[in-house]
Amino acid sequence: MNLSSFTRSVVRRNHAIIAPDGYINSNVPGWTGCTVNVIINEQMGARLCQTIVTLRPDGKLEGRTEASQIFFYVVEGAVRATAGGESRQLTQGQFVYVPAGQEYGFHGPTEGTQLLTFHKVYEPLAGHAAPGVVWGEKDDSKAPIYMNDEALRIQELLPNELGFDMAVNIFTYDRGGHLPMVETHIMEHGLLYLAGQAIYVLDKEWYHVQKGDSIWMAPYCQQWATSVGKEPSVYIYYKNVNRFPTVV
């Protein structure tokens with residue numbers, strides 16, 4: 001018998017592990033025929049929002065980005081996406097980035113299609129044009145070795161250009177792969193595990209994580225990870241980039 005009082009989810013002042021066993025559904029205007037789970041949000045101290053949306057065959061997402069840009073990634077299934085005057089069929093591993101001030105729509109999903117979203121308020125940079133819509137996909141051939149370690153590979157999904165103030169990457173750890181140092185940095189992270197299992201160390205606390213788990217890391221939350229199990233561990237993650245650190 002499963003104990004309803006047990007969960008792997010943890011919420012701390014500078015990090016969180018959110019496992020699917022504790023999801024509570026939310027309603028988002030314009031997003032219908034779907035289940036919306038808000039995983040990370042400013043209410044916990046974050047400066048990004050991360051959601052997971054599970055669509056039924058009649059599900060649809062319609063809206064317009066205002067101050068925030070949104071990155072949509074297909075975790076499972078398929079759906080027709082429209083943004084920037086263009087429409088494409090997206091399947092597992094494909095994505096569309098919608099900048100601030102753009103209309104978007106998602107229609108005709110297969111049963112159980114799941115979308116991951118990252119939202120961030122866009123910060124303009126003088127002398128650099130705001131980004132346009134970006135379409136793309138996970139492609140291991142575009143994931144170079146990280147820090148000379150063949151067990152680690154990172155694919156950058158968004159252009160590495162100063163007009164962008166957010167990055168979204170896919171990090172793959174082969175069996176035995178681990179970060180070469182304990183990272184301590186200004187960037188904030190939101191991430192979702194797409195495959196495998198790992199040990200993640202956050203602020204000197206050790207956590208066993210697996211496919212379907214999400215993690216929030218505040219700026220300067222110390223972090224280290226290693227792959228465990230019989231298959232590579234893979235996660236997709238957000239970070240804020242390319243803006244001068246200021247005091248608000």
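Keep in mind that the numbers below use all heavy atoms, side chains included, and drop hydrogens, waters and symmetry copies.
Side-chain rings of Phe71 and Phe95 approach one another, their centers coming within less than 6.0 Å. Ring centers of Tyr235 and Phe171: under 6.0 Å apart, within the cut-off. Ring centroids of Tyr200 and His208 are separated by 6.0 Å or more, keeping the two rings apart. You'll find the ring centres of Phe72 and Phe118 outside the 6.0 Å limit.
Under a hydrophobic-cluster definition in which Ile, Leu, Val, Met, Phe, Trp and Tyr are linked whenever side-chain heavy atoms come within less than 4.5 Å, directly or via other members, Met44 and Val10 are assigned to different clusters. Connection of Val98 to Leu115 is established within a shared hydrophobic cluster, with ILVMFWY side chains joined at heavy-atom distances below 4.5 Å, either directly or through further cluster members. In the hydrophobic cluster analysis, where Ile, Leu, Val, Met, Phe, Trp and Tyr join through side-chain heavy atoms closer than 4.5 angstrom, Leu202 is grouped apart from Val11.
The distance from atom CD1 of Ile39 to atom OG1 of Thr51, rounded to the nearest 0.5 Å, is 7.5 Å. Taken from OG1 in Thr54 to CD in Gln114, the straight-line distance is 4.5 Å, to the nearest 0.5 Å. To the nearest 0.5 angstrom, Glu137 atom CD is 12.0 Å from Gln92 atom CD.
For the salt bridge (Lys or Arg N to Asp or Glu O under 4.0 Å) test with Arg153, the passing option among Asp139, Asp174, Asp140 is Asp174; the others fail.
Taking the side chain as every heavy atom from C-beta outward, Leu125 and Glu123 never approach each other to under 4.5 Å.
Aromatic ring orientation, Tyr97 versus Phe164: tilted (interplanar angle from 30° to 60°).
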